[in-house]
Each structure stands twice: as structure tokens, then as C-alpha cells.
*Asks:* 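The structure follows.
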Amino acid sequence: MGEIIAGKRIAMNLREEIKRFTENRKSKGLSVPCLATIIVGEDPGSLYYVNNQSKLCQELGIETKVIKLPQDISEKLLINQIEDLNENNDIHGIMIQLPLPKHLNEINITSRVNYKKDVDGLTDINNGKFYKGEKCFIPCTPNSVVHLIRNTGASIEGKNVVVLGRSNIVGKPAAQLLLNENATVTICHSKTQNLKSVCKNADILVVAIGKPKFVTKDYVKEGAIVIDVGTSSLDGKICGDVCFDEVIDVASHVTPVPGGVGAMTTTLLLKNVCEALVNNEY
Ligand code: NAP
């Protein structure tokens, strides 16, 4: 029976660090970090996420500004909002809640955020810096994946890592970060042949496909570390891409959903907001 990687518990240390940072600034009469979140439309999953994020900000002493915009907003008006936030010196980090409605071009819109406030690491500038290995804001979800693997105490160097999924926000950057850790990385996607046997070769399996309970124990090598990024809704509950109940019997470590990758991701985002504040003071 494998161990559960408790993302929420692991994130606690970092949350304490953030709290100390904001309390220290307050006690010196300095400004505290402020995160602005833009949410377009009424998607219940997005509203739930933003709500939880705001609660956590409050707990940790980070100010928030949530801008709710109508589902049918034009690209031009949305970009105007982003530019206002870029100009506003009281805002240190900007997050655009994804996915956006279909008529809006996500790549174009996320790239309008000033890269110094791009705490989610999605702008072209931060992406370019990231793949060139320069200091920048790293996308929080893949960063969370690496944090959680490290926390198991296992070494990543030289390991066979399989990343299932190749999106720009999760799969590709997760693969790049693990490559930076000297893993031997294979990226799989919907056209990969013999998917089960490729996955079964992984010492570390990262799953980010958005297909609930897709990865069963047949995909997992005995003693592998399995990181489940998926968050789908199944029968009204949040559900991962991994069939947790059976995979835990084969793997050495598995992340639960919820309480795994997501918990760490939000915390890393808030850490980036603190960093953005400090960077902008110089
Ligand atoms: P995405 O953009 O839809 O990408 C899904 C990827 O999975 C694609 O590369 C796709 O392959 C691949 N794929 C789909 N079905 C497959 C199959 N049957 N076999 C092999 N590969 C398959 O999704 P995403 O934005 O990366 O998100 C993935 C999941 O992570 C979603 O559940 C999302 O909600 C979740 N997520 C969680 C967090 C968090 O913090 N916990 C953050 C972001 C996303 P092709 O490229 O060939 O189409």
C-alpha cells in the first residue's frame, strides 16, 4: 500500500512563511501584496476556485480584488481591464481565471498581463524566459508537481518520468521542469501508441489529461510515484485522472484529488504575489 502525498499539509509550511511575510510588512507599515483576479462568466467550477483562493488570501494577509465580467464581454473590453490593472501600482499580481469563453483568444489575452505581475507564468515573456532557463514566474501547477515529488524524498535525477498530457499550461512546462531536474522525460498525448506500456515504464508518472479515473493500476509500475493533476467533475464531485483506490495499492506515493496538486498550486501562486511585490519595489 502506497503513501498519500498530502498536498494540503505540505503547503502548510509555505503558507506559514507567506503569513509571516505579510504580518512583518504590516507591522512595519509597509504595503501588503494584492492579487487581482479576473473571472469571465459564471462557470461554477471557476467561481468555486476563485472563492477559495480569496479566502486563503484573507487568511494569509494578502489583499484581493476580484473582477467579475459578463460571459459575452468583448476581447477589447477585457484587454482594457487588464491594462488598467497593469497600470495600477496597488496591484502586484494579476490572474486571469481559465478557461475563458470560446469567443476569447486565451493566448492573446493572457499575454496582455504585464510580465512582472504575471504570477501565473502564462505570458509569452515569462514562457520564453522559462524555456531558456532564465529567472521568471514559473506556471504554478507544474511547479506544484515538482514540489510534491521532491517532498516524497525520492531523487528525480536519472529517473524515467512520463508526463501524460502536453498542454501549454500543464504537460509541457511540467516536462521541462522535470528535465531541468535531470529526469529522462517522455511526453504522451492522445496519439501516443501503446500508452499503457509507456506509462508502466515510468518511475514517476504525472497525469494531466482531464479524463476522470483514466489511469488504472495497469498503467502503473510497482513502486512508482503518481501525481494526479486532473480535476474533473464526476457525479457532482471533483475527481482526478487517476483511479486512486486501485493505484494506491501499486504505487509508492499518490496524490489525492482534491487535497493534492491543487492545494499546493494555489499556495505557490500566492507566494508569487509576494515575490511580485518585492520585485516591483526595486
Ligand atoms: P488540456 O489542455 O485539455 O490537455 C489535455 C492533454 O491530455 C492533451 O495534451 C491531450 O492530448 C491529452 N489527452 C487527452 N485525452 C487523452 C488520452 N485519452 N490519452 C492520452 N492523452 C490524452 O488540459 P490541461 O489544461 O492540461 O488540464 C489537464 C487536467 O488538469 C484537467 O483536468 C484540468 O482541470 C486539470 N488542471 C488542474 C490544475 C490544478 O492546479 N490542480 C491546474 C490546471 C489544470 P492531445 O494534445 O493529443 O489532444
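Start at 1 and go down the list; that is how both ligands and their atoms are numbered. In what follows, every heavy atom counts, from backbone to side chain, and hydrogens, waters and symmetry copies are set aside.
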*Asks:* Does any N or O atom in D241 lie less than 3.5 angstrom from one in ligand 1, N or O only?
*Replies:*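 No, D241 has no N/O under 3.5 Å of an N/O on ligand 1.
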*Asks:* Looking at E134, I'd like to know if its CD atom is crowded, meaning that more than 12 non-hydrogen atoms belonging to other residues, nucleotides or ligands lie closer than 6.0 Å.
*Replies:*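 Yes, because the 6.0 Å sphere around CD of E134 holds more than 12 heavy atoms from other groups.
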*Asks:* Does the side chain of T184 pick up a donor-acceptor pair with the side chain of N160 at under 3.5 Å?
*Replies:*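 There is no such pair between these side chains.
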*Asks:* How long is the span from the SG atom in C140 to the CG atom in L269, to the nearest 0.5 Å?
*Replies:*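 If we round to the nearest 0.5 Å, C140:SG and L269:CG are 4.5 Å apart.
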*Asks:* Near A208, which atoms of ligand 1 are under 4.0 Å from a heavy atom of that residue?
*Replies:*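 So the atoms of ligand 1 that pass are 5 (C), 6 (C), 7 (O), 28 (C).
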*Asks:* Hey, is ligand 1 close enough to K191 that some N/O pair sits below 3.5 Å?
*Replies:*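 No, since none of the N or O atoms of K191 sits under 3.5 Å from an N or O of ligand 1.
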*Asks:* Consider only side-chain heavy atoms of I, L, V, M, F, W and Y, link residues closer than 4.5 Å, and tell whether V207 and L234 are in one cluster.
*Replies:*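 No.
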*Asks:* Tell me, which protein residue and heavy-atom name are nearest atom 46 (O) of ligand 1, and how many Å apart are they?
*Replies:*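 Nearest neighbour among protein heavy atoms for atom 46 (O) of ligand 1, to 0.1 Å: R166 NE, 2.7 Å.
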*Asks:* Taking atom CD1 of I107 as the centre, report whether more than 12 heavy atoms of other residues, nucleotides or ligands fall under 6.0 Å from it.
*Replies:*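 Counting neighbours around CD1 of I107, 12 or fewer heavy atoms of other residues, nucleotides or ligands fall under 6.0 Å, so no.
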*Asks:* What atoms in ligand 1 come closer than 4.0 Å to a heavy atom of V170?
*Replies:*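 Listed by number with element, the hits are 26 (O), 43 (C), 44 (C).
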*Asks:* For ligand 1, which atoms, with element, lie under 4.0 Å from some heavy atom of T265?
*Replies:*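 The list of qualifying atoms is 40 (O).
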*Asks:* Go through ligand 1 atom by atom and flag the ones less than 4.0 Å from a non-hydrogen atom of G210.
*Replies:*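 Per the distance check, 28 (C), 29 (C), 31 (C), 32 (O).
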*Asks:* Going by atom types only, do N108 and E75 share a side-chain donor-acceptor pair under 3.5 Å?
*Replies:*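 Yes, a side-chain donor-acceptor pair sits under 3.5 Å.
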*Asks:* Specify side chain, backbone, both or neither for I209, according to which of its non-hydrogen atoms lie closer than 4.0 Å to ligand 1.
*Replies:*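 For I209, backbone and side-chain atoms both sit under 4.0 Å from ligand 1.
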*Asks:* Within ligand 1, which atoms have a heavy atom of L195 less than 4.0 Å away?
*Replies:*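 Here the atoms of ligand 1 in question are 19 (N), 20 (C).
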*Asks:* Under a plain distance cut-off of 3.5 Å, with no hydrogens placed, do Q97 and T37 share a side-chain donor-acceptor pair?
*Replies:*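 The answer is no; no qualifying pair exists.
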*Asks:* Report the member of T141, T255, D228 with the shortest heavy-atom distance to atom 42 (C) of ligand 1.
*Replies:*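 Looking at heavy atoms only, the winner is T141.
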*Asks:* Tell me whether V229 is reachable from I225 by hopping between hydrophobic residues (I, L, V, M, F, W, Y) whose side-chain heavy atoms are closer than 4.5 Å.
*Replies:*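 Yes, one cluster joins them.
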*Asks:* Touching ligand 1 at all, V229? Heavy atoms, strictly under 4.0 Å?
*Replies:*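 A heavy atom of V229 does come that close to ligand 1.
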*Asks:* In the protein, which heavy atom is nearest to atom 17 (C) of ligand 1, and how far is it?
*Replies:*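 Going atom by atom, the protein heavy atom closest to atom 17 (C) of ligand 1 ends up being F214 CZ, 4.1 Å.
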*Asks:* Against heavy atoms of G262, which atoms of ligand 1 measure under 4.0 Å?
*Replies:*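 By the 4.0 Å cutoff, the relevant atoms are 40 (O), 41 (N).
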*Asks:* Tell me which protein heavy atom sits closest to atom 15 (N) of ligand 1, plus the residue, atom name and distance to 0.1 Å.
*Replies:*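 Checking every protein heavy atom, the shortest distance to atom 15 (N) of ligand 1 gives K211 NZ, 3.5 Å.
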*Asks:* Do D241 and K211 meet the salt-bridge criterion of a basic N to acidic O distance under 4.0 Å?
*Replies:*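 No, K211 and D241 are not salt-bridged.
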*Asks:* Quick one: look up the protein heavy atom nearest atom 1 (P) of ligand 1 and list residue, atom name and how far away it is.
*Replies:*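 The protein heavy atom lying closest is S167 CB, 4.1 Å.
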*Asks:* Please report which non-hydrogen protein atom sits nearest to atom 32 (O) of ligand 1, along with the residue it belongs to and the distance in Å to one decimal place.
*Replies:*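 Nearest protein contact, heavy atoms only, for atom 32 (O) of ligand 1 is T231 N, 3.0 Å.
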*Asks:* Strictly by salt bridge (Lys or Arg N to Asp or Glu O under 4.0 Å), give each pair with a member in residues 137-164 just once, sequence neighbours left out.
*Replies:*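 Salt bridge (Lys or Arg N to Asp or Glu O under 4.0 Å) check on residues 137-164 returns R150-E181.
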*Asks:* I'd like to know whether ligand 1 has G171 as a neighbour, heavy-atom separation below 4.0 Å.
*Replies:*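 No, G171 has no heavy atom closer than 4.0 Å to ligand 1.
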*Asks:* Mark up the atoms of ligand 1 that fall under 4.0 Å of a heavy atom belonging to G165, in ascending order.
*Replies:*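 Near G165, meaning under 4.0 Å from one of its heavy atoms, ligand 1 has 6 (C), 7 (O), 9 (O).
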*Asks:* Can you tell which part of I169 has a heavy atom less than 4.0 Å from ligand 1: side chain, backbone, both or neither?
*Replies:*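 Side chain only; the backbone of I169 stays clear of ligand 1.
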*Asks:* State plainly whether the residues K221 and D203 are in salt-bridge range, i.e. N to O under 4.0 Å.
*Replies:*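 Counted as a salt bridge, because a side-chain N and a carboxylate O are separated by less than 4.0 Å.
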*Asks:* Can you report which non-hydrogen protein atom sits closest to atom 47 (O) of ligand 1, along with the distance?
*Replies:*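 So the nearest neighbour among protein heavy atoms is S190 OG, 2.6 Å.
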*Asks:* Mark whether atom 3 (O) of ligand 1 lies under 4.0 angstrom from at least one protein heavy atom.
*Replies:*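 False for atom 3 (O) of ligand 1.
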*Asks:* Indicate, with yes or no, if the rings of Y219 and F214 have centres closer together than 6.0 Å.
*Replies:*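 That pair passes the under 6.0 Å test.
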*Asks:* For K271, give me all partners under side chain to side chain contact (heavy atoms under 4.5 Å, CB included), at least two apart in sequence or on another chain.
*Replies:*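 Per chain and number, K271 pairs via side chain to side chain contact (heavy atoms under 4.5 Å, CB included) with L14, E17, I18, E275.
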